[in-house]
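Before any comments, here is the structure.
Lettering follows sequence order; numbering is per chain, from 1.
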Amino acid sequence: MEISITLPDGSIRQYSKGVSSMDVALSISEGLARNVLAAKINGEVVEANRPILEDANLQLLTWNDTDGKKTFWHSSAHLLAEALEALYPGTKFGIGPPIENGFYYDIDLNGVPFGADDFEKVEQKMLELTRQKNSFNRIPKSKEEALAYFQEKGDEYKLELLEDLQDGSITFYQQGNFTDLCRGPHIPDTGFIKAAKILNVAGAYWRGDEKRKQMTRVYAITFPKDKELKDYLFLLEEAKKRDHRKLGKELELFAFSERVGQGLPLWLPKGAMLRDRLEQFLKKAQVKAGYSPVVTPHIGSKQLYVTSGHYEKYGKDSFQPIRTPDEDEEFLLKPMNCPHHCEIYKTKPRSYRDLPLRLAEFGTVYRYEQSGELHGLTRVRGFTQDDAHIFCRPDQVKEEFTKVIDLVLYVFRSLGFHDYTAQISLRDPENKTKYIGSDDIWEKSESAIIESAREKDLPTVTELGEAAFYGPKLDFMVKDALGRKWQLGTIQVDYNLPERFDLEFTGADNQKHRPVMIHRAPFGSMERFIAVLIENCAGDFPLWLSPEQLVILPISEKFAAYADEVKTHLETLDIRASVDHRDEKIGRKIRDAEVGKFPYMLIVGEKESETKTVSVRKHGQGDLGSLDLQEFTNMFSSAVAESMGS
RNA sequence: GCCGACAUAGCUCAGUGGUAGAGCACUUCCUUGGUAAGGAAGAGGUCGUGGGUUCAAGUCCCAUUGUUGGCUCCA
C-alpha cells in the first residue's frame, strides 16, 4: 500500500506503507541520509527508523535544525551515562536532558569524588564508545517490568520518575551496555558523535528542590565534527573576553572590596561618569514622559515594611533592623522604594484628575541576597533602581503600561540592545490562592499587558505562575556574553500596596476609589544594566556614553602645548578629552589608546600644530586623515547624535 | 544557603615540601620618535586570613573570608 509523504518544500512523494524517514532520506540522496539525526513527522520528533504508517508531513532533522541538535545532545547524554557507568559502576542516574548548548546528566556517584581531573578519562571513554557505532534501540516496557529493572539496579531516582508515568507509555532506550528510562527520540547510533567535551560539574538538587538530595550535574557538549568543538571552545573564550567583570577591571569602571563587603560595588571615576550619563539620559526622558522626580531616605521605620507586608515576607532574610538609643525603635535599610512612594501619594487627597501620578527616583536599595547568588554587577546586595511608581485609575492601566513599554524601547534602542525578549509573567491558573486581588482585576490587568505587548509587537514569551503575588508583570530579558539571561527593564502591575496603604482617590462620582500602582524600571538597576551593556558592546560604549570620548596624542613633547590647546577647546564643547603626555613613541600611544577602547584618537605633531588641524583616528578603524578643528567637531557631534540611535 | 573549583606583585599568570619568579603596569635615566608595544636600570609580595602536620609549608591537612561554575532564591 502506498502512502504520501509531504516534504517541507511542499513536494509530495509516494512510498510504501511502513517506510522510515531514513529510507525517505536515502531515496533523496545518500549524502542527506548520512546527516539525518531524527525526523519530525506531523510535528512530532521521532527516530529516523520509525515506520510511517499513513500519509504524513515529514521534515528530516539534521544538525542544522534545533530539534536535530536537541536529539543529538539527548543521545549524547545517554552516551555520557554509558561512559560514566562503565568507569564508575553503581552510579545512579537522575535526568539527562539537552540544553541550549549541550546537555547535562544528574548523577549520584555514591560519594565518589568527581572533578575536572576526571573529565578527560570520561571524554576518552565516550569517544571509544562512539567508535562502536552502537544503535539506540527503543524498547517499550510495562510499568511492572520497568520498576523491576530499576529495583534490581538500585536506582531510586529512576524509580521515582517511573511513579509519575502511565503504564503503556513507558519506553527504555538501550545502546551498547547502557539502558535508560527515556521517552526518546534518539539519533540512529553513537557513531554520529565525533567530538565530546565535559564542560563542568556542579551540584544540583534532585527535582530542583533544595530540601532534597544534591546530585552531581555533569555538563558536556558534543559535536558531529571535531572542528565544531574547536570552534565552540574558541567562541567561548572570545565570549569570556567580554565578561563585564574582566572589562570592568580593565577599563577601571568598578571594583569590589572584601573590607567593604560582599556584593557592594565601588564605582570608580570612569564607571561613575558612565553611570551618571545614563542617569541624566533617563531623567531627561522621564521628565518628557510626565514623571515627577522625588527623593526619599535610604532607611525607613520597620512599621513601614510591616504595613507593606515586606517585613513579614522577607524580614528574616534581609539585612537586620538598625537600632537606635530608643529600645523600641527599629529601622530597615530600604529594600525597595515603593512604600516610601506610597507615603508620598498619601501626603494629600488625590482626585481622579490628578492621575496618573508618576513618581520617579533613582533609589538605592539593599537586599541580602544569598551569598551564592552574587555575581559581578548583575546580582549585588546594594544597587540603584531607576524606579518609578505610577498611580493611576484602573481604566488607565493599559495606556500607562503602553507608555512605559515605549520608554523601555527608547532606552534599549539608544543603547544598542536589539536582542531581547519580553517575558510576560502571569499567575498560575491552577493555583490562584497564591495571589491577592480579585479574578476580575487580574484578568483585566493580564489582558492589558498582553495587548500592550502585542500592539508594540514585542517578541514575547509567556510564563504561567511567574507573576508576583501582587500582580502580573512584563520583564525585558537580555543575554550576557555567555548567553545567560538577565532581567533588565521591568513593568509590574500591583494591587497589593494600594490596598495595604489604603490609597485612595476621589472619582468623578465623588466616591473614594482605589488607584492601581505600576512599578517600572527601564534599566532594572544601574548595576545590572551597565553589566549587560558592557558585555553587549564588549566595552566599546556608544560614543555619547563613553567615559572618555577621545584622547589626544602628541607626537612628541614639543607639541604638548598644542595638544592642551585642542583639549581645552574640545572641553568647551562638552567633549570628554584627555592628553597622553607620556614620553612614548606615537605607535605606543596609539596601541595603548586602542587597547583602552578610546573611541577617537587625535594625533597632533608639527604639521597639525602649524595648520591648526588634527589627525583623526577611530578606534578599530584606523587613520581617517586630517581635519581642521571645526570640521572635526562637526563630525564628532554628528557621530554622537548617531550613537544615540537618532 | 547547598555542591564543586579557585585565591602568589597593581594586572595576567608560573612555581608538586628545602630561603619567592616572569611578562605587562609603575619609578628614574637615555631617547623627541608620524598611525598597534624604542632601550637601560630600579622599586614592588610576611604567597587571602587563622590554626595544624613537618627539621622545613606558597606547596600537605582543618577552619575561615572572598571570588567563581552551577543548583535553590530574586520584593
Span that lies between the [atom1] atom of [M] and that of [N], in whole angstrom:
N: B:rA56; M: B:rA63; atom1: C1'; result: 23 Å
N: B:rA43; M: B:rU27; atom1: P; result: 16 Å
N: B:rU59; M: B:rU31; atom1: P; result: 48 Å
N: B:rC47; M: B:rG10; atom1: C1'; result: 16 Å
N: B:rC3; M: B:rC73; atom1: C1'; result: 16 Å
N: B:rU54; M: B:rC60; atom1: C1'; result: 9 Å
N: B:rA57; M: B:rU19; atom1: P; result: 11 Å
N: B:rG58; M: B:rG48; atom1: C1'; result: 12 Å

We want to know whether [X] and [Y] form a side-chain donor-acceptor pair, criterion being a heavy-atom distance below 3.5 angstrom.
X: A:Asp540; Y: A:His619; result: yes
X: A:Asp317; Y: A:Tyr368; result: no
X: A:Thr296; Y: A:Glu361; result: yes
X: A:Ser445; Y: A:Tyr495; result: yes
X: A:Thr384; Y: A:Thr364; result: yes

RNA chain B: A:Glu369 or A:Arg582, which has the more 5' nearest nucleotide?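 Nearest nucleotide further toward 5': that of A:Arg582.
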Between A:His619 and A:Gly376, name the one whose nearest nucleotide on RNA chain B is closer to the 5' end.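 Going by which nucleotide is closer to the 5' end, it is A:His619.
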[X] vs [Y] aromatic rings, parallel, tilted or perpendicular, using cut-offs 30° and 60°?
X: A:His244; Y: A:His375; answer: tilted
X: A:Phe529; Y: A:Phe417; answer: perpendicular
X: A:His74; Y: A:His78; answer: perpendicular

When the distance from [atom1] of [X] to [atom2] of [N] is rounded to whole Å, what number comes out?
X: A:Leu374; N: B:rU65; atom1: CG; atom2: P; result: 14 Å
X: A:Phe119; N: B:rG4; atom1: CZ; atom2: P; result: 13 Å
X: A:Phe559; N: B:rG33; atom1: CZ; atom2: P; result: 8 Å
X: A:Ile590; N: B:rG33; atom1: CD1; atom2: C1'; result: 12 Å
X: A:Lys485; N: B:rG70; atom1: NZ; atom2: P; result: 14 Å
X: A:Arg591; N: B:rA36; atom1: CZ; atom2: P; result: 11 Å
X: A:His389; N: B:rA75; atom1: NE2; atom2: P; result: 13 Å
X: A:Asp317; N: B:rC2; atom1: CG; atom2: P; result: 14 Å

Look at all strands and tell whether [X] reaches a base, only sugar-phosphate, or nothing, counting heavy atoms closer than 4.0 Å.
X: A:Gly208; result: sugar-phosphate
X: A:Ile586; result: sugar-phosphate
X: A:Asp623; result: base
X: A:Arg484; result: sugar-phosphate
X: A:Tyr470; result: sugar-phosphate
X: A:Glu608; result: base
X: A:Ala204; result: sugar-phosphate
X: A:Phe469; result: nothing
X: A:Arg217; result: sugar-phosphate
X: A:Ser318; result: base
X: A:Gln487; result: nothing
X: A:His519; result: nothing
X: A:Gly372; result: base

Candidate pair A:Gln423 and A:Thr460, rule side chain to side chain donor-acceptor pair (under 3.5 Å), full reasoning: CA-CA 6 Å; A:Gln423 178 178 313; A:Thr460 56; over 6 Å; no
So what's [N] paired with, Watson-Crick or G-U wobble, going by both distances under 3.5 Å?
N: B:rC60; answer: B:rG52
N: B:rU27; answer: B:rA41
N: B:rU46; answer: none
N: B:rA36; answer: none
N: B:rA7; answer: B:rU65
N: B:rA14; answer: none

Please check the phosphate of B:rG69 (OP1 and OP2 only) for any side-chain N or O of A:His375 closer than 4.0 Å.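 Indeed, a polar side-chain atom of A:His375 lies that close.
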At under 4.0 Å, does any side-chain N or O of A:Gln262 touch on OP1 or OP2 of B:rU65?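 Checking A:Gln262 against B:rU65: no side-chain N or O falls below 4.0 Å of OP1 or OP2.
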Side chain of A:Arg617: nearest nucleotide among B:rU32, B:rA36, B:rA75?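 Between B:rU32, B:rA36, B:rA75, the one nearest the side chain of A:Arg617 would be B:rA36.
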Using only heavy-atom distances, decide whether a donor-acceptor pair under 3.5 angstrom links the side-chain of [X] to the base of [N].
X: A:Gln214; N: B:rC2; answer: yes
X: A:Tyr205; N: B:rG1; answer: yes
X: A:Asp583; N: B:rU32; answer: no
X: A:Arg379; N: B:rC73; answer: yes

So which protein N/O to nucleotides 9-13 of chain B N/O distances come out below 3.5 Å?
residue	atom	partner	partner atom	Å
B:rU12	OP1	A:Lys249	NZ	3.4

Quick one: are A:Glu527 and A:Thr378 in side-chain contact, heavy atoms under 4.5 Å?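 Answer no - side chains too far apart.
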Keeping A:Glu499 on the side-chain end and A:Asn496 on the backbone end, is there a donor-acceptor pair under 3.5 Å?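 Judged by distance alone, no pair lies under 3.5 Å.
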Under the criterion side chain to side chain contact (heavy atoms under 4.5 Å, CB included), I'd like the reasoning laid out for A:Ile530 against A:Trp267: C-alpha separation, chi angles, the key distance, then a yes or no. CA-CA 11 Å; A:Ile530 290 173; A:Trp267 287 87; 3.5 Å; yes
Is the aromatic ring of A:Tyr314 within stacking range of B:rA75, meaning centres under 5.5 angstrom and planes under 30 degrees?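 The ring of A:Tyr314 is stacked on B:rA75.
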